[in-house]
Amino acid sequence: MTVRVRIAPSPTGYFHVGIGRTALYNWLFARHHGGTFIVRSDDTDAERSTQEYQDDILEHLRWLGLEWDEGIEVGGPHAPYRQTLRLERYHEVTDALLAVGTAYPCFCTPAELDERRRAAMAEGRPPGYDGRCRSISPTTALARRGAGEAASVRFAVPRPGATAFRDEVRGEMDIDHANVDDFVILRSDGSPTYHLASSVDDVDFGITHVVRGEDLLSSTPKHILLTEALGGQPIVYAHLSLLMGPDGRKLSKRHGDTAIRAYRERGIIPEAMVNYLALLGWSPGVDETVVALADMVERFELSDVSRNPAIFDPAKLEWMNGVYLRELAVDDFLARTLPLIEADLERGLDDEELARLAFIAPLVQERAKLLTEVAPQVRFLFVDEIGYDEDSWAKVMTADEIPAVLAAAMDRLSVIPEWKTAAIEEALRAMLETLELSPRKGLQPLRVAVSGSSVSPPLFESLEALGRGPTLARLAGAAARL
RNA sequence: GCCCCCAUCGUCCAGCGGCCCAGGACGCCGGCCUUUCAAGCCGGUAACACGGGUUCGAAUCCCGUUGGGGGCGCCA
């Protein structure tokens with residue numbers, strides 16, 4: 001049997017790290033088994049669904065490299081893969097269930113249900129639907145509907161009864177139907193609920209494994225019951241624990257960024273995000289933290305997925321991002337960084353500037369954790385006027401010997417025969433010796449004078465990249481500002 | 001309230017009855033290196049929630065307590 005898995009994001013919000021991880025696990029599972037990964041759109045919530053969110057989801061699925069074999073935008077044998085386009089099918093199924101009595105019309109209004117739910121809670125009874133419309137005879141029900149009375153359709157859960165299944169990450173489950181109420185499958189406005197649409201799609205699309213969040217664990221009997229009623233093949237379930245915020249509560253907006261987009265914009269690269277997400281709840285079985293994608297595919301097993309809720313830790317993500325940044329080929333690093341640099345400068349770089357950037361890039365690559373750190377670090381190479389970081393200035397440009405240092409540096413640098421790192425270093429070290437200054441004392445002022453900050457790429461290389469003219473001008477400029 | 005899930009360093013993960021006075025990674029602290037910041041290297045800090053069993057032997061199995069999470073919608 002070929003493995004067929006899916007994710008069914010609802011376009012009611014940006015693609016966030018939680019679904020990202022679920023998508024990744026589905027993808028890894030499919031790839032590991034040579035199966036099919038499907039993406040469909042759960043867009044039945046017309047109120048909250050937007051095209052912007054839909055685009056964001058697909059864009060970031062691709063950004064993470066989780067290409068899908070079948071589904072929305074790419075098509076496939078079960079197209080279209082969006083639920084709003086399959087309403088007829090849901091009605092067809094509902095009618096069939098109604099006909100055999102596996103489902104029944106419910107005439108309770110939302111207001112009534114709400115009131116009863118409140119009362120039940122207050123009295124300590126289970127707040128689920130009490131099943132009162134289940135006893136209405138089919139003829140009476142038909143008459144009432146014929147008379148125009150609004151009705152939703154509920155699934156008649158067998159009682160007494162229980163649903164047992166084996167969850168691939170949690171083990172054997174057995175849920176008594178006393179805890180599964182007669183749930184709505186079709187709203188009174190004719191739209192399908194999540195339970196119906198999702199289960200019908202899973203059956204119709206031949207889904208073999210459902211890997212999803214633990215929040216759906218207690219709804220699983222509903223889906224199994226529906227699947228059986230539809231005559232579908234049994235589906236294997238695997239429920240992933242949820243992602244938490246730093247305070248141990250469910251991850252949400254108030255914890256800061258949960259959107260994958262936000263991390264991308266902050267300078268996280270997809271390789272790092274994927275690696276980090278993969279290990280947030282799954283272990284390849286060895287004490288390794290940085291794992292190549294191919295190895296993940298090779299080793300991924302649902303049985304190795306952790307049952308513990310996991311706290312999303314941006315600090316570790318950033319560390320990992322640094323690891324991946326350093327592993328990048330310089331050209332690749334440059335390619336990913338250039339758009340950010342040009343955006344920062346608000347102009348493109350010419351060939352000569354590109355060459356200077358390429359010269360300095362490896363040195364920046366070594367120290368970056370985020371792609372977004374690069375532009376500010378190299379900005380001084382491409383602007384006419386630099387802005388000084390005031391903290392840096394206050395910290396290093398206030399010592400008594402500063403004027404002498406700047407003057408000596410200008411003297412030395414203006415006469416070196418060749419403007420190369422080695423010659424620059426030699427000249428400046430000679431200067432340090434003459435002035436009897438430590439590198440820290442004598443070189444930091446030059447760094448601030450030239451780059452505007454006490455933090456920059458290595459000084460000698462930076463000067464070479466800047467060029468003699470601009471270097472001398474910056475030194476003079478700083479001297480004038482003292 | 002009821003039902004379900006979970007429980008190893010601050011965090012993520014390893015451990016699936018003896019190899020564990022518990023291992024790796026992030027973080028944190030210290031050192032080395034050093035032209036800044038990083039990186040790198042070396043070292044350190046820190047956990048089996050609690051109580052009962054089972055067993056020659058328990059982080060590992062069972063029960064309970066506590067704690068955390070999820071669910072109980074004509075949301076998904």
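Below, each value reflects all heavy atoms present in this structure, side chains not excepted, and no hydrogens, waters or symmetry copies. Here is the naming used below: chain letters follow the sequence lines, and residue numbers restart at 1 for every chain.
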*Asks:* Using the P atoms only, state how far B:rG52 lies from B:rU11, rounded to an integer number of Å.
*Replies:* 26 Å

*Asks:* Would you kindly give the CE-to-P distance between A:Met320 and B:rG24, to the nearest whole Å?
*Replies:* 17 Å

*Asks:* Can you build the contact string for nucleotides 28-41 of chain B? Use B for base contact, S for sugar-phosphate-only contact, and - for no protein heavy atom under 4.0 Å.
*Replies:* -------BBBBSS-

*Asks:* Quick check on B:rA7: is either OP1 or OP2 less than 4.0 Å from any side-chain nitrogen or oxygen of A:Asn308?
*Replies:* yes

*Asks:* Please compare A:Ser241 and A:Asn179 by the position of their nearest nucleotide in RNA chain B and report the one closer to 5'.
*Replies:* A:Asn179

*Asks:* Within the distance-only criterion (no hydrogens, no angle test), does the side chain of A:Asp43 pair as donor or acceptor with the backbone N or O of A:Gln83 below 3.5 angstrom?
*Replies:* yes

*Asks:* Could you go through the side-chain contact (heavy atoms from CB on, under 4.5 Å) check for A:Arg367 and A:Val374 one step at a time?
*Replies:* CA-CA 9 Å; A:Arg367 27 187 58 74; A:Val374 180; over 6 Å; no

*Asks:* Using the P atom in both, what is the distance from B:rC28 to B:rG51, to the nearest Å?
*Replies:* 34 Å

*Asks:* Any chance you could list the contact pattern along nucleotides 65-76 of chain B? Use B for base contacts, S for sugar-phosphate-only contacts and - for none, protein heavy atoms under 4.0 Å, 5' to 3'.
*Replies:* ----BSSBSBSB

*Asks:* With a 4.0 Å heavy-atom cut-off, tell me which residues in residues 159-174 of chain A come close to RNA chain B, sorted by residue number.
*Replies:* A:Arg170, A:Met173

*Asks:* Hey, what's the ring geometry for A:Trp282 with A:Phe300, parallel, tilted or perpendicular (30° and 60° as the breaks)?
*Replies:* tilted

*Asks:* Cation-pi check for A:Phe205 against A:Arg6: NZ or CZ below 6.0 Å from the six-membered ring centre and within 45 degrees of the axis, yes or no?
*Replies:* no

*Asks:* Starting at atom CG of A:Leu279, determine the distance to atom C1' of B:rC12, rounded to an integer number of angstrom.
*Replies:* 8 Å

*Asks:* When the distance from CD of A:Glu288 to P of B:rG23 is rounded to whole Å, what number comes out?
*Replies:* 18 Å

*Asks:* Checking A:Glu318 now: which residues fulfil side chain to side chain donor-acceptor pair (under 3.5 Å) with it, not counting sequence neighbours?
*Replies:* none

*Asks:* For A:Arg116, give me all partners under side-chain contact (heavy atoms from CB on, under 4.5 Å), at least two apart in sequence or on another chain.
*Replies:* A:Cys108, A:Glu112, A:Leu113, A:Tyr129, A:Asp130, A:Arg132

*Asks:* According to ring pair (Phe, Tyr, Trp, His ring centres under 6.0 Å), who are the partners of A:His223, at least two apart in sequence or on a separate chain?
*Replies:* A:Tyr194, A:His195

